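Following: one structure in structure tokens, then a few remarks.
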2 protein chains.
Amino acid sequence: MAHQDLQLLSHDCGDCPIRHRAVCARCEADELARLEQIKYYRSYQAGQTVVWSGDRMDFVASVVSGIATLTQTMEDGRRQMVGLLLPSDFVGRPGRAQAAYDVTATTDLVMCCFRKKPFEEMMVATPHIAQRLLEMTLDELDAAREWMLLLGRKTAREKIASLLAIIARRDASLKLRAAKGKLAFDLPLTREEMADYLGLTLETVSRQMSALKRDMVIGLEGKRHVMVPDFDKLLEETGDDSDGGFLV
Amino acid sequence: MAHQDLQLLSHDCGDCPIRHRAVCARCEADELARLEQIKYYRSYQAGQTVVWSGDRMDFVASVVSGIATLTQTMEDGRRQMVGLLLPSDFVGRPGRAQAAYDVTATTDLVMCCFRKKPFEEMMVATPHIAQRLLEMTLDELDAAREWMLLLGRKTAREKIASLLAIIARRDASLKLRAAKGKLAFDLPLTREEMADYLGLTLETVSRQMSALKRDMVIGLEGKRHVMVPDFDKLLEETGDDSDGGFLV
DNA sequence: GACTGGCCTTGACCTAAATCAACCGGACGA
DNA sequence: TCGTCCGGTTGATTTAGGTCAAGGCCAGTC
């Protein structure tokens, strides 16, 4: 897919199914040309920090491949992950000079960057972009609110199940949905990162993973490979409404 | 202020200081005219529900006066507040037919509503609006992430202190900042609502309020009126970075 | 083949907050 | 004037998850 860096600009487009954010050349051809002039790619190794909270950040970017996280850290070292960025997700805030969070590559990562100034100018000139960005930001806000329910009210077991379900879903949609019902994936996060995501300690994460395995909700092969024999059973453990509640 | 319902459209405008989202007639006069045609007001009494999660919602709105909350509820009744809407805040999502959360008036409430369809049309026609909305949504996303840190990693005492600081700040900025250092305000939330905000039980909220009073961090007069003799002392209790970290 | 360092697991114990329960005090209606 | 209801406080007890500590597993490397 040649124009992946353009994902963030496109309206949905039927025959480019990548997470409903892909673009194809025939829509948005003119933006493509302009964007080509201001974009550039950056690669990071797993574990590398992209920017530190408070650092000057003179670009916005979208994830091309790999996974990045946003985390906040308190003075005494307590950490909370506040964003998990998968391919096609957007980082950076037009109109802000400094990063508000630590951005870290948890796997090898490629980002498509746009220098902030020209990007902002283009945003003014091309209303599409602001609208697309608004849509994406609203999605992220919804995800954040879901996450707040998880952090505030779910038990450790529910938290783990929810995270596994989220990853399974995201992963499955990338893989064009493995044989429905049975699916498997590799965790892109360490136990500690999972803990930071869920507001738990890594020991509790480990214990609950073991418990879910013992109860046959998941299978584990090595430390990272997770098998889900029955996705509905996993969903029952999340505490979420069963109907899945897809609001368009 | 006659054009309060227009807050959501404006770029900042020096001499209209209401929470940096106000508008004055001379900027945006044309949008004003168009907006006037599609807006209407609705009032709700304290405790009334504006919409239930899952209900059809054919308008977007901004809060004119009073306070509303967004909450999520799990099947077994566990509740988590995921949004606190103060005057000038925006509710509703262009491009979505159903409400994703319960919206409730916690005080008497006036909202300025725009029917969704014409509003969306106007958004396409008037690029300003999408940009303003994007800016507001990004602010909300930041607030949500701050909130996630609170829910995931703060102690009960830190949570309470943080909430009080948030309300004090918002309140103070409305009142053009009372004599700096000493300030006082009325809690717009019951103990139970505070608990839903903070991911605690109402008993814990009550206990920690008493503890903060005992330790002279706050004063209480009746159940709702809070006095803050030393705002910095309150801030120390929040666990947040002391520098306040204002990122533009 | 031993050695190291990450990452993970498991056990024993502790504590912050939840739960359960009693009670207070003001508003309000009979 | 008396209930009683609602929001709030406080105490006793329980418990989920945190903390501390001891290993296990495995990949890389000397």
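Letters A, B, ... mirror the listed sequences (proteins, then strands); counts begin at 1. Because only heavy atoms are used, hydrogens play no part in the values below, and waters and symmetry mates are left out as well, while side chains stay in. On a predicted model such as this, the values are computed, not experimentally measured, just so you know.
- Looking at B:K159, B:K154, B:R153, B:R169 one by one, the single match for salt bridge (Lys or Arg N to Asp or Glu O under 4.0 Å) with B:D240 turns out to be B:K154.
- Across the protein-nucleic acid pair, A:L187 atom CG and C:dC7 atom P stand 14 Å apart, rounded to whole Å.
- One distance of note links CZ of B:R224 with CZ of B:F185; it measures 12.0 Å at 0.5 Å rounding.
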Could you give me the CA-CA distance, side-chain angles and deciding distance for B:D215 and B:K233, then say whether salt bridge (charged side-chain N to carboxylate O under 4.0 Å, His left out) is met?
-> CA-CA 11 Å; B:D215 300 345; B:K233 197 166 159 198; over 6 Å; no

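- Classification of the A:F59-A:Y40 ring pair by plane angle, with boundaries at 30° and 60°, yields perpendicular.
- Between B:K159 atom NZ and C:dA16 atom P the separation is 14 Å, expressed in whole Å.
- For the pair B:D142 (side chain) and B:D139 (backbone), a donor-acceptor distance under 3.5 Å is absent.
- Nucleic acid contact for A:R224: sugar-phosphate only, since backbone atoms but no base atoms lie under 4.0 Å from a heavy atom of the residue.
- A 4.0 Å heavy-atom criterion places the boundary nucleotides of DNA chain D facing chain B at D:dG8 to D:dA12, written 5' to 3'.
- Heavy-atom distances under 4.0 Å link DNA chain D to B:T190, B:R191, B:L202, B:E203, B:S206, B:R207 of residues 190-209 of chain B, given in residue order.
- With a 4.5 Å cut-off on side-chain heavy atoms, B:Q72 and A:E146 count as touching.
- Partner of A:T69 under the side-chain contact (heavy atoms from CB on, under 4.5 Å) criterion, chosen from A:D196, A:V82, A:T104: A:T104.
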Determine which bases of DNA chain C form Watson-Crick or G-U wobble pairs with both distances under 3.5 Å, and write the result as a 5' to 3' dot-bracket string with | for other-strand partners.
-> ||||||||||||||||||||||||||||||

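- A donor-acceptor pair is defined here as one N or O able to donate and one able to accept, closer than 3.5 Å; such a pair exists between the side chain of A:Q80 and the backbone of A:Y197.
- If you take CZ of B:R157 and P of C:dT15, they are 18 Å apart, rounded to a whole angstrom.
- Closest heavy-atom contact between B:P87 and B:V64: CB-O, 3.6 Å.
- The backbone N or O of B:E158 lies less than 3.5 Å from a partner atom in the side chain of B:S162, making a donor-acceptor pair.
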